[in-house]
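Okay, here's the structure, questions in a sec.
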Amino acid sequence: MFFTFIIVVILTAIALVVAAMTIAKLIAPRSFNPQKGEPYECGIPTRGGSWVQFKVGYYLFAILFLMFDIETVFLFPWAVVVSEVGAYALVSVGFFLVILILGLAYAWKKGALEWE
């Protein structure tokens, strides 16, 4: 019974995605203009090649920012109900923070936080 429910949910999801894409393809306006294929940046024409490589440090810094941003998102709901959930939640959040601190220490040791 449970697997039937899962199969129905998956098939419904596939059908809805296919229907949405088909409807969008049918009713979308079609105008072909060569300027639509041009790279656009703040209204200023592009000079040189558009495929510029960035330092991997930018990506590492962004991933670290997202990691701690998501940590904040997880800690807000916990802080609201901390008095109701008891010691188990305190231990769980402590474990969560220890893992994040270990990740930060690893990134720091590897030099991901140094901006050159």
Shared-cluster residues of M1, by chain and number - hydrophobic side chains joined below 4.5 Å: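 When side chains under 4.5 Å apart are linked, M1 ends up in no cluster with other residues.
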
Can you list the other members of the hydrophobic cluster that holds V98, where links are side-chain heavy atoms under 4.5 angstrom apart?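 Joined to V98, directly or through intermediates: L102.
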
Kindly give the cluster partners of I101, where membership spreads through any ILVMFWY side chain lying under 4.5 Å from a current member.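 Taking Ile, Leu, Val, Met, Phe, Trp and Tyr as members, I101 stands alone, with no cluster partners.
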
Residues 3-26 side chain polar contacts: donor-acceptor under 3.5 Å, at least two apart:
unit_1 : atom_1 : unit_2 : atom_2 : d
T12    : OG1    : V8     : O      : 2.7
T22    : OG1    : V18    : O      : 2.7

If hydrophobic residues (ILVMFWY) are linked whenever their side-chain heavy atoms come closer than 4.5 Å, directly or via other members, who joins I99 in its cluster?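 Via sub-4.5 Å side-chain contacts, I99 links to F95.
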
Do F96 and I63 land in one hydrophobic cluster if side-chain heavy atoms of ILVMFWY residues count as linked below 4.5 Å? no

Atom pairs and distances, donor-acceptor, side-chain atoms in residues 65-91, under 3.5 Å, two or more places apart:
unit_1 : atom_1 : unit_2 : atom_2 : d
T72    : OG1    : F68    : O      : 3.0
W78    : NE1    : A89    : O      : 3.4

